[in-house]
Every structure is written in structure tokens, then in C-alpha cells.
Amino acid sequence: MAKLGNLLGPISIFWLVLILKGLIVEAESKAFFVFGDSLVDNGNNNYLATTARADSPPYGIDYPLHRPTGRFSNGLNIPDIISEKMGWEPTLPYLSPELRGKNLLIGANFASAGVGVLNDTGYQFANIIRIYQQLDYFEEYQQRLKGLVGKEKAHKHVKESLVLITLGGNDFVNNYYLVPYSARSQQYSLQKYVPFVISEYKKVLQRLYKLGARRVLVTGTGPLGCVPAELAQHSRRGECAQDLMKAASLFNPQLVQMLKQLNHEYAKDVYIAANTNQMHMDFISNPTQFGFTTSKEACCGQGPYNGLGLCTPLSNLCSNRDAYVFWDPFHPTEKANRLIVQQILMGTNKYVYPMNLSAIMAMDSRA
């Protein structure tokens, strides 16, 4: 953490505090909506008959309630931390029975572990909320909100909201490269599969726009070949799996280019690209700079790099989660998530394009 000042560039901690205090005042009434996969799911899969679940210990060991909540983390995930920094209440899973009445004004989390851009991604997990079902639920949510506050206020509430969407990684890990000679790898070369996924993702984002979203934070994939699960299967000396690294290196720049095209079409900066691949590579390349002792071994798991199987009560469990970049074979620790959100809030164009979240909130507050 001694290097955190370097993350912030020329903006000092003092100014960061002042900016965020001002944002919290302006942002209190904003709704927050979350779409995507296990990196941002906060419990929807708890309500589904699926194997893609994080509802047993030691998940949630560092969460305020010290119990599993359905988050694939030892504690808070990225949406939680964004809400915390903005001074908002955390969003509830859309399937939660508590999401009713005034809680609808907070927004909702529609994410579901295992999903991808493509409908056939994650089929092995059975019942998950695929992305178009998440969008259908968003439309249903708006009808519920209209019943609470009326059509005009509901429309304004959604238009002024912040949306976070995280997709793409599973389309490679749990689809294209799930098994040798997968159906998608037989259908497409990697060089053709990536543009196909991007074109389908564009349709998802266009529907979000039609549903009223006007500020959409879009995260790229992390360095897919460097997660402990892939190291355990493909690495001899801790090197990242090259096929998956190639996939990420193709996907992320094409995603940014597609977002630029959409912003040009809408003549406004609707979509903000968060370069989570670079953020993760910073940790992986120099973990000690960020206070980690390892970026290869998961805190919770078994086998090489603690990367085999699931995190369960019988798994190896580290005593200091803050020393690890990865909590389980696929997902970051709360500490890593906090550093990612720090870049989303205050990072340069290397990390967030065309502007960071603090700049967005400051601009919107003046509108």
C-alpha cells in the first residue's frame, strides 16, 4: 500500500477525499445496476438450482457478517466497493425477496455466476441467469419501479443511474477452451471467435441503451491465463497459459474499439471501458508493490497453486487474505478488488477510457 500514491497519478490522497466527499453528496439519489458473471454476482445464484454457487464457507469469511452471501470473494466484490465509495447502499440481488418497496430505489444486481455474452456459455452450470434474461429482468424491474414512483420518475431514475457490466471471460474459459475440440473452437478459429463475441456483446449493450442506461461502466477480461485454475492445469513453472492470454489480448482491445464506436453512434460517452486486464497484470507482474506476497497461488483451494476444484470447507485456507491477489482459483480477493475500484475511480486513460468514474460523477453533477 506504500505505493498507492503512484496509482493515483498527480491527484493526492487529500484531493481524492475531497472529491469523493463531494461526489457522495451529489450521488446519493443515483441508482446502481449490475449485470454480468461471478465477478459481480452478489447472490442471485443462491436462489437457483445450479452448481455455480458461493453460498458455503469459507466464502464471505471477511464479509461484514462473516458468512457466505453468494459473492465469489472472501469479502466485498467490485460492485460493493463502488457502492461503498459512492456512499450508496449495496445493491440487492434481483431474486432477493428483500428487493421491494423503497429498496427498489437503490437499484439491483442482476448478475449470475457462469454466464457469458453467448447463450451457450456456462451450459454446464444448468440454471443460471443468462445475459438476455438479466436484461428482461431489468425491464421487469422498471415496471415494478413505475408502480412505486410513477412512469416519469422511474424513467428519470434509470436514465441518471450508473450501470456496471462484466462479461466475456466465461466465453473463453467456460466455452471456447472448456474442453479440447469444443463446439465453438471447431466452429471458429480464435481470430474469428473474438469478433463474433464482440458483435454479440454490442447487441447486449445496445439493448441496455434502449432500456434507458446512459452511463455504463464496461470491464474487460482479466489476464485469463494467469488465474490459479489455469496455472494448475497448464503451467510448469508459474507461467501463464498462452492460449488464454492470446484470447484476452485479442478481446480487450476489440472491446474498447467497439465501445468507442457505440459512443460515436450515440454522440455521447455512454460506455466507459475499464481496463481490468492491465490492473490485474500490474498485480501479477509486481505483487509486492501492492502489498501482496503472491499472485499465483489462490488463498482457498487445493492442488498446485491451490487452483484445482472449488473453494470448500475442506480446502487449504490462507490466514492472511490481504497477502493474496486471488481468493479462489478464479476470483480476486477483496483487497485486489479494492485496488481495481481505486483505478476505476481515479485511474488515467491507461486504465479507464474515456474518463474515470470520479470525472463522470463530477460531470454529471454539473449537468
Side-chain angles (χ1 to χ4, degrees), residues 31-86 88-116 121-122 124-138 140-141 144-145 161-167 169-170 174 217 219 299-300 310-313 315 321 326-334 336-338 340-341:
F32 186 26
F33 302 104
V34 181
F35 301 85
D37 57 28
S38 59
L39 290 167
V40 291
D41 182 359
N42 70 346
N44 278 308
N45 281 21
N46 288 358
Y47 301 93
L48 303 172
T50 177
T51 56
R53 302 169 73 95
D55 59 346
S56 61
Y59 284 98
I61 189 172
D62 300 309
Y63 190 76
L65 300 176
H66 304 290
R67 61 174 176 79
T69 62
R71 292 164 172 83
F72 287 76
S73 173
N74 60 300
L76 303 181
N77 62 15
I78 288 173
D80 294 324
I81 298 164
I82 290 175
S83 294
E84 176 191 280
K85 296 297 183 184
M86 292 294 101
W88 302 332
E89 292 183 54
T91 56
L92 290 167
Y94 186 68
L95 298 184
S96 169
E98 295 178 29
L99 187 67
R100 61 183 188 274
K102 64 180 179 59
N103 283 340
L104 289 168
L105 297 172
I106 298 167
N109 187 314
F110 302 91
S112 177
V115 306
T121 293
Q124 67 272 33
F125 302 122
N127 297 308
I128 52 179
I129 313 172
R130 305 188 187 282
I131 188 57
Y132 280 100
Q133 181 63 59
Q134 292 182 31
L135 296 174
D136 288 345
Y137 279 151
F138 186 36
E140 181 181 276
Y141 161 89
R144 295 170 63 189
L145 185 64
S161 70
L162 177 68
V163 173
L164 170 67
I165 184 166
T166 296
L167 287 172
N170 284 329
N174 286 315
L217 181 65
T219 67
C299 169
C300 182
L310 302 173
C311 174
T312 74
S315 297
R321 271 73 69 182
F326 288 99
W327 156 246
D328 67 10
F330 289 101
H331 304 96
T333 57
E334 178 179 325
N337 283 331
R338 286 189 174 280
I340 290 167
V341 171

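Once rounded to the nearest 0.5 Å, the distance linking CG of Asp80 with CD1 of Ile78 reads 10.0 Å. Distance check, rounded to the nearest 0.5 Å: CD of Glu140 to CG of Leu135 gives 12.5 Å. Atom OG of Ser112 is separated from atom CG of Asn44 by 6.5 Å, given to the nearest 0.5 angstrom. Once rounded to the nearest 0.5 Å, the distance linking CG of Leu92 with CG of Asn109 reads 9.0 Å. Taking CD1 of Ile81 as the reference point, atom CD1 of Ile340 lies at 8.5 Å (rounded to 0.5 Å).
Side-chain atoms of Asn45 come within 3.5 Å of backbone atoms of Ala52 as a donor-acceptor pair (strictly under, hydrogens ignored). Arg53 contributes a side-chain N or O that, together with a main-chain N or O of Asn46, makes up a donor-acceptor pair within less than 3.5 Å.
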Using distance only, find each side-chain donor-acceptor pair of residues 95-104 under 3.5 Å and give its atom names and separation, not counting sequence neighbours.
{"from": "Ser96", "atom 1": "OG", "to": "Glu98", "atom 2": "N", "distance (Å)": "3.1"}
{"from": "Arg100", "atom 1": "NH1", "to": "Pro97", "atom 2": "O", "distance (Å)": "2.4"}
{"from": "Asn103", "atom 1": "ND2", "to": "Glu98", "atom 2": "O", "distance (Å)": "2.9"}

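Looking at residues two or more places apart in sequence or on another chain, you find no side-chain hydrogen bond (donor to acceptor under 3.5 Å, both in side chains) involving Thr91. With sequence neighbours left out, Glu89 forms a side chain to side chain contact (heavy atoms under 4.5 Å, CB included) with Ile106. Residues satisfying the ring-ring contact (aromatic ring centres under 6.0 Å, His included) criterion with Phe330, sequence neighbours excluded, are absent altogether. Scanning for ring-ring contact (aromatic ring centres under 6.0 Å, His included) contacts around Phe35 gives Phe110, Phe138, with sequence neighbours left out. For the side chain to side chain contact (heavy atoms under 4.5 Å, CB included) test, residues two or more places apart in sequence or in another chain that qualify with Thr312 are Leu310, Leu314, Ser315. Every residue two or more places apart in sequence or in another chain that forms a side chain to side chain contact (heavy atoms under 4.5 Å, CB included) with Pro68 is listed here: Pro57, Tyr59. Every residue two or more places apart in sequence or in another chain that forms a side-chain hydrogen bond (donor to acceptor under 3.5 Å, both in side chains) with Arg338 is listed here: Glu84, Glu334. The ring-ring contact (aromatic ring centres under 6.0 Å, His included) search around Phe125 returns none, not counting sequence neighbours. Taking the side chain to side chain contact (heavy atoms under 4.5 Å, CB included) definition, one finds that Asp62 meets it with Asn74, Arg321, sequence neighbours left out. With sequence neighbours excluded, no residue satisfies salt bridge (Lys or Arg N to Asp or Glu O under 4.0 Å) with Asp37. Checked against ring-ring contact (aromatic ring centres under 6.0 Å, His included), Tyr63 has no partners two or more places apart in sequence or in another chain.
Considering all non-hydrogen atoms of both residues, Cys311 and Pro58 come closest at SG-CG, 3.6 Å. Nearest heavy-atom pair, Ala111 versus Asp41, reported as atom, atom and distance to 0.1 Å: O-OD1, 3.3 Å. Shown here for Ala126 and Ala49, the closest heavy-atom pair between the two residues is CB-O, 4.3 Å. Residues Gly107 and Tyr141 approach most closely at CA-OH, 4.0 Å, considering heavy atoms.
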Ile131 vs Leu167, side-chain contact (heavy atoms from CB on, under 4.5 Å): CA-CA, chis, key distance, verdict | CA-CA 9 Å; Ile131 188 57; Leu167 287 172; 3.7 Å; yes
Can you list the steps and then say if Arg71 with Ser73 is a side chain to side chain donor-acceptor pair (under 3.5 Å)?
-> CA-CA 5 Å; Arg71 292 164 172 83; Ser73 173; over 6 Å; no
Decide yes or no on side-chain contact (heavy atoms from CB on, under 4.5 Å) for Leu164 and Phe32, but give the supporting numbers first.
-> CA-CA 8 Å; Leu164 170 67; Phe32 186 26; 3.8 Å; yes
Thr166 and Val34: side-chain contact (heavy atoms from CB on, under 4.5 Å), yes or no, with the steps?
-> CA-CA 8 Å; Thr166 296; Val34 181; over 6 Å; no
Going through the checks in order, is the side-chain contact (heavy atoms from CB on, under 4.5 Å) test met by Leu145 and Leu105?
-> CA-CA 8 Å; Leu145 185 64; Leu105 297 172; 3.9 Å; yes
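Residues Cys299 and Phe326 form no side-chain contact, since every pair of their non-hydrogen atoms from C-beta on lies 4.5 Å or further apart. Side chains of Asn337 and Leu76 form no contact here, defined as non-hydrogen atoms less than 4.5 Å apart. Side chains of Ile165 and Leu217 form no contact here, defined as non-hydrogen atoms less than 4.5 Å apart. The shortest distance between side-chain heavy atoms of Gln124 and Thr51 does not fall below 4.5 Å. Residues His331 and Leu39 form a side-chain contact, since some pair of their non-hydrogen atoms from C-beta on lies under 4.5 Å apart.
For the ring pair (Phe, Tyr, Trp, His ring centres under 6.0 Å) criterion with Tyr94, the lone passing option out of Tyr47, Tyr137, Phe33 is Tyr137.
Side chains of Thr121 and Asn170: a donor-acceptor N/O pair is absent below 3.5 angstrom, by distance only.
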